[in-house]
S.K.: 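Here it is, the structure in full.
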Amino acid sequence: MRIGYARTSTLDQSAGLEAQLKALSEAGVEKTYQEQTSAVGGRPQLDAAIEFSRQGDTLVVTKLDRLARSVGHLGKLTERLEDKGVSLKILDLGLDSSTATGRLMLNLIGSIAQFEREMMLERQREGIAKAKAEGKYKGRKPTAREKTDQVRELLSSGKSKRAIAAELGISERSVYRIISE
């Protein structure tokens, strides 16, 4: 059986999720698991897909970055799949881990992807440090603090902190922070 897994980082990426689901369907996937969670968040649907899989099945993803966070994470996932006798297919790479060459390529490409990510993060940190040194980087604009008067007004009208946060589109923690100042 071909089991598909699709993931996007945010709810705003619905077009990306739809594209993944279409590609998985075209690849003959019979059962699909999908979720919208950040790269660092938990992935219950990925765990469910692996748990559901049986010996001889294939887990299909559209791209490597939709599956694994790092080489270590990729290694753990592939080990779990191998222990169950399940192969991995990555569509955009034409990679299939059911062959020795496919497993070699998976490890090489995973290492290259992690290297590329680390280099991008390093360049980003360098760019931020340079911008800060030049006085051009101020960080994110404090949106909740701009609503201080509204928070205090709603609080005095008897609204709960949770209701205030929901109404103003800020976190409850921000409401508490404003109140304590």
S.K.: Can you find a pair of side-chain heavy atoms, one from I179 and one from K161, that are under 4.5 Å apart?
M.R.: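 The answer is yes, as the side chains (C-beta and beyond) meet within the 4.5 Å cut-off.
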
S.K.: Flag the pair V61 / L91 as yes when at least one side-chain heavy-atom distance between them is below 4.5 Å, and no otherwise.
M.R.: no

S.K.: Is there a path of hydrophobic side-chain contacts, each under 4.5 Å between heavy atoms, that joins L64 and V86?
M.R.: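 Shared cluster, yes.
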
S.K.: Using salt bridge (charged side-chain N to carboxylate O under 4.0 Å, His left out) as the criterion, list what pairs up with R162, not counting sequence neighbours.
M.R.: E172

S.K.: Between R43 and E35, does at least one N-O distance fall below 4.0 Å, as a salt bridge requires?
M.R.: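 Between E35 and R43 there is no salt bridge, as every charged N stays at least 4.0 Å from the carboxylate O atoms.
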
S.K.: When Ile, Leu, Val, Met, Phe, Trp and Tyr are grouped by side-chain heavy atoms lying under 4.5 Å apart, directly or through other members, which residues fall in the same group as M119?
M.R.: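 Joined to M119, directly or through intermediates: F115.
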
S.K.: Would you kindly confirm whether V71 and M105 end up in one hydrophobic cluster when ILVMFWY residues are joined by side chain heavy atoms under 4.5 Å apart?
M.R.: no

S.K.: Are the side chains of L121 and Q124 in contact, using a 4.5 Å heavy-atom criterion?
M.R.: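 A side-chain contact under 4.5 Å exists here.
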
S.K.: Does a side-chain heavy-atom distance below 4.5 Å link E82 with R103?
M.R.: yes

S.K.: Rounded to the nearest 0.5 Å, what separates atom CZ in F52 from atom NZ in K31?
M.R.: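 Here the rounded value is 5.0 Å.
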
S.K.: Do S87 and T58 have a side chain donor and acceptor closer than 3.5 Å?
M.R.: yes

S.K.: Going through the checks in order, is the side-chain contact (heavy atoms from CB on, under 4.5 Å) test met by V29 and L21?
M.R.: CA-CA 9 Å; V29 165; L21 295 173; over 6 Å; no

S.K.: Take a 6.0 Å sphere around CD of E30 and say whether it holds more than 12 heavy atoms from other residues, nucleotides or ligands.
M.R.: yes

S.K.: R7 side chain to R66 main-chain N or O, any donor-acceptor pair under 3.5 Å?
M.R.: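 Confirmed, R7 side chain pairs with R66 backbone.
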
S.K.: List in chain and number order the residues that pass salt bridge (charged side-chain N to carboxylate O under 4.0 Å, His left out) with E181, two or more places apart in sequence or in another chain; answer none if no residue qualifies.
M.R.: R145

S.K.: Is V60 linked to I3 within one hydrophobic cluster, defined over Ile, Leu, Val, Met, Phe, Trp and Tyr using a side-chain heavy-atom separation of less than 4.5 Å?
M.R.: no

S.K.: Hey, what do you get for CD1 (I178) to OG1 (T148), rounding to the nearest 0.5 Å?
M.R.: 4.0 Å

S.K.: Can you tell me if NZ on K84 sees more than 12 non-hydrogen neighbours from other groups inside 6.0 Å?
M.R.: yes

S.K.: Do other residues, nucleotides or ligands put more than 12 heavy atoms under 6.0 Å from the CZ atom of R117?
M.R.: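 Open.
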
S.K.: Given the rule that I, L, V, M, F, W and Y join up when any side-chain heavy atoms are under 4.5 Å apart, are L168 and L155 in one cluster?
M.R.: yes

S.K.: Tell me every residue that passes salt bridge (charged side-chain N to carboxylate O under 4.0 Å, His left out) with R173, counting only those two or more places apart in sequence or in another chain.
M.R.: none

S.K.: Dump the intermediate steps for side-chain contact (heavy atoms from CB on, under 4.5 Å) on L154 and E167, then the final yes or no.
M.R.: CA-CA 10 Å; L154 291 169; E167 184 173 325; 3.8 Å; yes

S.K.: Can you sort out the partners of E146 under salt bridge (charged side-chain N to carboxylate O under 4.0 Å, His left out), two or more places apart, ordered by chain and number?
M.R.: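 K141.
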
S.K.: Can you establish whether the number of heavy atoms outside Q55 located under 6.0 Å from its atom CD is more than 12?
M.R.: no

S.K.: Is there a side-chain contact between L17 and Q36 in this structure, where contact means two heavy atoms from C-beta onward sitting under 4.5 Å apart?
M.R.: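 Touching, per the 4.5 Å side-chain cut-off.
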
S.K.: Is the shortest heavy-atom distance from the side chain of L88 to the side chain of L67 under 4.5 Å?
M.R.: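 Yes, their side chains come closer than 4.5 Å.
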
S.K.: Verify the cluster assignment for I90 and I112: are they in a single hydrophobic cluster under the rule of side-chain heavy atoms below 4.5 Å apart?
M.R.: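 Different clusters.
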
S.K.: Within a strict 4.5 Å, meaning less than it, do heavy atoms of the R177 and S174 side chains meet?
M.R.: yes

S.K.: Rounded to the nearest 0.5 Å, how far apart are CD of E116 and CD1 of I109?
M.R.: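 These two atoms lie 11.5 Å from each other.
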
S.K.: Is D47 close to R80 at the side-chain level, that is, under 4.5 Å between some pair of heavy atoms?
M.R.: yes

S.K.: Are the side chain of T8 and the backbone of G16 linked by a donor-acceptor contact shorter than 3.5 Å?
M.R.: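 No, because the side chain of T8 does not come within donor-acceptor range (under 3.5 Å) of the backbone of G16.
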
S.K.: Would you give the length of the straight line joining atom CG of D96 to atom OG1 of T101, rounded to the nearest 0.5 angstrom?
M.R.: 10.5 Å

S.K.: Please list, chain by chain and in numerical order, all residues satisfying side chain to side chain donor-acceptor pair (under 3.5 Å) with S53, sequence neighbours excluded.
M.R.: none

S.K.: Roughly how far apart are L59 CG and R2 CZ, rounded to 0.5 Å?
M.R.: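 Going from the CG atom of L59 to the CZ atom of R2 covers 11.0 Å.
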
S.K.: Can a side-chain donor-acceptor contact be found between Y5 and Q20 if the only test is distance below 3.5 angstrom?
M.R.: no

S.K.: Could you measure the distance from the CD atom of Q45 to the CD1 atom of I50? Nearest 0.5 Å is fine.
M.R.: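 Taking CD in Q45 and CD1 in I50, the distance rounds to 11.5 Å.
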
S.K.: Has D57 got a side-chain atom pairing as donor or acceptor with R54's backbone, closer than 3.5 angstrom?
M.R.: yes

